[in-house]
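Working notes for the structure below.
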Number of protein chains: 2
Amino acid sequence: MKSTNKPTKSELEILSVLWEKGEATVREVFEVINSQKGTSYTTVLKLMQIMHEKGLVERNEDARAHVYRAKVKQNETGKQMLNEVMDKVFGGSALKLVQQVLENETTSAEEMSEIRKMIEQAEREAKGK
Amino acid sequence: MKSTNKPTKSELEILSVLWEKGEATVREVFEVINSQKGTSYTTVLKLMQIMHEKGLVERNEDARAHVYRAKVKQNETGKQMLNEVMDKVFGGSALKLVQQVLENETTSAEEMSEIRKMIEQAEREAKGK
DNA sequence: ATGCTACTACGAAAGTTTTCGTAGTGTCAA
DNA sequence: TTGACACTACGAAAACTTTCGTAGTAGCAT
């Protein structure tokens with residue numbers, strides 16, 4: 001029954017680093033976060049300890065500097081967050097949501113073509129069933 | 001200078017109702033929120049007052065029961081939130097984000113086909129330039 | 001051994017968001 | 001005109017999140 005623990009904003013920043021690196025010590029995470037927004041080492045440490053308690057991350061304590069890994073999956077978290085945005089902002093419509101992504105200037109033509117291929121693939125699979 | 005004020009979670013729930021209804025009194029918003037998660041009338045009222053101060057909503061005070069409207073745009077808010085999810089969860093990749101949406105069981109075949117059409121359209125437009 | 005450095009643990013303040021009670025007031029029916 | 005009711009305003013507590021200082025300790029160079 002342990003429902004998925006939703007990460008806070010700061011926790012998400014940390015998870016983001018862990019997803020990217022696979023695993024990292026507090027120091028390594030701190031370097032990234034600090035360069036992004038400036039914070040103190042113990043703040044990051046404390047957050048990671050809290051996340052450990054909550055089960056968002058796991059850690060290996062063999063070495064003096066513990067090595068952390070995300071315990072929650074990137075796509076699970078993403079799915080949840082997207083569902084929330086879809087519900088609250090786009091009235092439950094995946095279409096509207098994707099539309100908004102595509103209207104974003106940051107989405108390149110190349111990416112769009114990749115996305116189209118993916119959709120065609122998905123449609124073929126759906127038909128196959 | 002006044003950058004877009006980011007709504008909190010509760011504020012977003014209220015905006016969601018306002019976007020859907022176009023305009024509504026506190027009572028009307030309360031009915032929706034209360035049925036979704038149970039809360040007291042004055043909590044919703046207070047939140048809407050705060051949102052008014054922040055400029056997230058506007059209101060018409062002619063009638064005794066003020067009539068509220070969202071002042072922030074649905075798609076502006078959505079864009080911001082999606083950018084955040086894209087950065088923090090999908091490493092900045094629109095492709096991965098859309099992929100996740102499509103893998104969601106709640107996305108129907110019909111919606112997918114709509115999405116594909118939209119992408120083709122977008123690609124044609126991009127080529128035209 | 002001594003001191004220096006990098007680390008964990010943790011308490012508690014500060015900051016933010018949410019909740020709700022109480023007070024005051026206009027409207028309307030009896 | 002009185003009382004019941006629906007509404008706004010607002011203060012302040014409660015809950016949650018973020019920040020950081022201080023204390024303690026292991027490892028290592030001198």
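Numbers restart at 1 for each chain; the letters A, B, ... are given by sequence-line order, proteins then strands. Atoms considered below: every heavy atom in the structure, side chains included; atoms not considered: hydrogens, waters and symmetry mates.
Separating the CD atom of A:E61 from the C1' atom of D:dT25 is a distance of 15 Å, rounded to the nearest angstrom. B:I33 places its CD1 atom 14 Å from the C1' atom of C:dT19, with the value rounded to the nearest Å. Rounded to an integer number of Å, the gap from CD1 of A:I50 to P of C:dA12 is 15 Å. Between the P atom of C:dC20 and the CZ atom of B:F30 lies a distance of 10 Å, rounded to the nearest Å. For the pair B:M51 CE and C:dT16 P, the interatomic distance rounds to 18 Å; values are reported in whole Å. For the pair B:L12 CG and C:dT18 C1', the computed distance is 15 Å after rounding to whole Å. Protein atom NZ of A:K54 is 5 Å distant from nucleotide atom P of D:dT17, rounded to whole Å. To the nearest angstrom, C1' of C:dT19 lies 12 Å from CD1 of B:I14.
Counting heavy atoms from C-beta on, the side chains of B:M112 and B:L102 come closer than 4.5 Å. In this structure the side chain of B:V89 reaches within 4.5 angstrom of the side chain of A:L12, judged on heavy atoms.
B:R27 has no side-chain polar atom (N or O) that falls below the 4.0 Å cut-off from OP1 or OP2 of D:dT8. Applying the 4.0 Å criterion to OP1 and OP2 of C:dT19, one finds that B:S40 has every side-chain N and O outside that range. Residue A:R59 places no side-chain N or O under 4.0 Å from the OP1 or OP2 atom of C:dC7.
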So which protein N/O to nucleotides 25-29 of chain C N/O distances come out below 3.5 Å?
residue, atom, partner, partner atom, Å
C:dG26, N2, B:R64, NH2, 3.2

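In this structure, B:S10 reaches the sugar-phosphate backbone alone: every heavy-atom distance under 4.0 Å involves primed, P, OP1 or OP2 atoms, never a base. Across all strands shown, A:T8 has heavy atoms under 4.0 Å from sugar-phosphate atoms exclusively, and none from any base. Base contact: B:T42 has a heavy atom under 4.0 Å from a base atom. Across all strands, B:K46 comes closer than 4.0 Å to base atoms (heavy-atom distances).
From A:I14, atom CD1 reaches atom CD1 of A:I33 across 5.5 Å, with rounding to the nearest 0.5 Å. Here the NZ atom belonging to B:K71 is positioned 12.0 Å from the CE atom belonging to B:M51, to the nearest 0.5 angstrom.
Although no hydrogens or angles enter the test, the distance criterion places no donor-acceptor pair under 3.5 Å between the side chain of B:S93 and the main chain of B:F90.
Listed nucleotides D:dT18, C:dC7, D:dT19 differ in distance to A:Y41; the shortest reach to its side chain belongs to C:dC7. When each of C:dT18, D:dT18, C:dC20 is scored by its nearest atom to the side-chain atoms of A:L47, the top-ranked nucleotide is D:dT18. Set against C:dT8, D:dT18, D:dT19, the side chain of A:V26 has C:dT8 as its closest nucleotide. Comparing C:dT18, C:dC7, C:dA9 by their nearest atom to the side chain of A:Q49 picks out C:dA9. For B:L45, the listed nucleotide lying nearest its side chain is D:dT8; candidates were D:dT18, C:dT8, D:dT8.
Using a 4.0 Å cut-off between charged side-chain N and carboxylate O, B:K54 and B:E11 make a salt bridge. Under a 4.0 Å N-O distance rule, the pair A:E120/A:R124 does not qualify as a salt bridge. The pair A:K37-A:E13 meets the salt-bridge criterion, with a side-chain N (NZ, NE, NH1 or NH2) lying under 4.0 Å from an Asp/Glu carboxylate O.
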